[in-house]
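To start, the structure itself, in structure tokens.
Proteins come first, then strands; the chains are lettered A, B, ... in the order of their sequence lines, and each starts at number 1. Fair warning: this is a prediction, and the values are worked out from it, not measured in the lab.
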2 protein chains.
Amino acid sequence: MKQNLSETCHLFFSTLSNPTRLAILELLRNGPRNVSEISEALNQEQSMISHNLKPLERCGFVFSERKKKQRFYSLNKETMEQLFKMFNYHAKKFCPTEGKCLTTRELQEQKKKNASNLLYVNRY
Amino acid sequence: MKQNLSETCHLFFSTLSNPTRLAILELLRNGPRNVSEISEALNQEQSMISHNLKPLERCGFVFSERKKKQRFYSLNKETMEQLFKMFNYHAKKFCPTEGKCLTTRELQEQKKKNASNLLYVNRY
DNA sequence: TCTTCATATGAATATTATTTCATTTGTTAG
DNA sequence: CTAACAAATGAAATAATATTCATATGAAGA
């Protein structure tokens with residue numbers, strides 16, 4: 001196995017550590033979309049979507065293809081479904097109870113947001 | 001499979017998207033270490049190591065255990081080895097050639113750093 | 001070619017994350 | 001209890017990243 005993970009993995013993970021990009025990936029699980037469609041679906045500016053698609057494509061998380069004037073982006077399902085699966089397994093096994101992964105205060109904030117997940121909190 | 005990946009995965013991946021934290025994880029592949037040992041091995045301040053261990057532990061990437069005055073951290077091998085394996089597979093398959101993942105200029109910069117990897121570059 | 005639509009880019013601004021340093025907390029042995 | 005060591009915390013300073021807005025590029029049909 002390759003050494004120097006600290007360097008080699010950095011872009012891989014940092015590309016995935018952004019809500020907009022994760023939202024794009026999630027959307028693309030439903031099938032290919034062009035930039036405008038993504039933009040509308042996520043209710044974000046077109047330029048922002050383009051900016052965020054770029055690192056996703058560079059890392060091989062999505063593929064793209066031009067069709068007439070539009071460019072369609074599709075998910076690299078092989079990598080991404082496996083990754084999401086692993087994430088879910090990990091979260092279930094290692095962050096099973098609310099108390100384990102979140103402080104009480106953070107938990108309450110999460111509940112306000114109506115999000116029942118365990119891992120989306122501020123870091124420190 | 002759980003919905004709302006954009007929220008649920010964010011902390012998971014952002015915790016992994018930091019060179020110091022990745023270096024800690026890499027070090028811990030060789031076995032448990034206490035904070036001072038990690039600090040020395042990575043040539044980083046003790047407080048910085050502590051700051052970075054915290055999110056790693058909260059996300060379940062490492063475990064910790066006190067032994068006398070020291071606290072030893074160990075890798076969650078189940079998750080991490082699988083994750084690193086997946087990363088390597090992905091990098092080999094989807095970023096096989098230099099041209100595909102890096103611009104020429106970035107490549108040169110990488111070579112200067114004597115790093116032969118494909119994914120560690122600036123994002124935009 | 002010219003116009004229109006779709007996407008990409010650049011650069012400034014804003015936001016978020018990291019690092020550092022001083023200090024505190026916690027543990028153990030004397 | 002106190003001293004000595006180990007680790008954690010807080011907050012200011014710094015650095016990195018994301019967002020926005022204006023503009024540029026590219027494709028296709030008239």
Taking the axis from the first five pairs and the axis from the last five, what angle separates them in the helix from dT1(C)-dA30(D) to dG30(C)-dC1(D), rounded to 10 degrees? 30°
Within the pair N52(A) and dT17(D), is there a side-chain N or O less than 4.0 Å away from OP1 or OP2? no
Separation of dA18(D) atom P from L16(A) atom CG, nearest Å, is 12 Å
Strictly distance-based, threshold 3.5 Å: is any side-chain N or O of H10(A) a donor or acceptor partner for the main-chain N or O of L22(B)? no
Taking M86(B) as the starting point, is it possible to reach F84(A) by hopping between hydrophobic residues whose side chains are less than 4.5 Å apart? yes
Assess the pair F94(B) and F61(A): is the distance between their ring centroids shorter than 6.0 Å? no
Contacts of K67(A) and T20(A) projected onto DNA chain D by closest heavy atom; the upstream (5') one is T20(A)
Check whether the side chains of Q46(A) and S50(A) place a donor and an acceptor atom closer than 3.5 Å, and report yes or no. yes
Where along nucleotides 3-10 of chain D does protein come under 4.0 Å, by heavy atom, of base (B) or sugar-phosphate alone (S), with - for untouched nucleotides? -BBSBBBB
Going by salt bridge (charged side-chain N to carboxylate O under 4.0 Å, His left out), name the residues that satisfy it together with E78(B), two or more places apart in sequence or in a different chain. K93(A)
Please give, in whole Å, the distance from dT14(D) P to N18(B) CG? 20 Å
Would you say the side-chain atoms of R21(A) pair up with the backbone N or O of S14(A), donor to acceptor, closer than 3.5 Å? yes
Test your reading of the model: is there a side-chain donor-acceptor pair from S39(A) to the backbone of Q44(A), 3.5 Å cut-off? yes
Is the shortest side-chain heavy-atom distance between L75(A) and E81(A) below 4.5 Å? yes
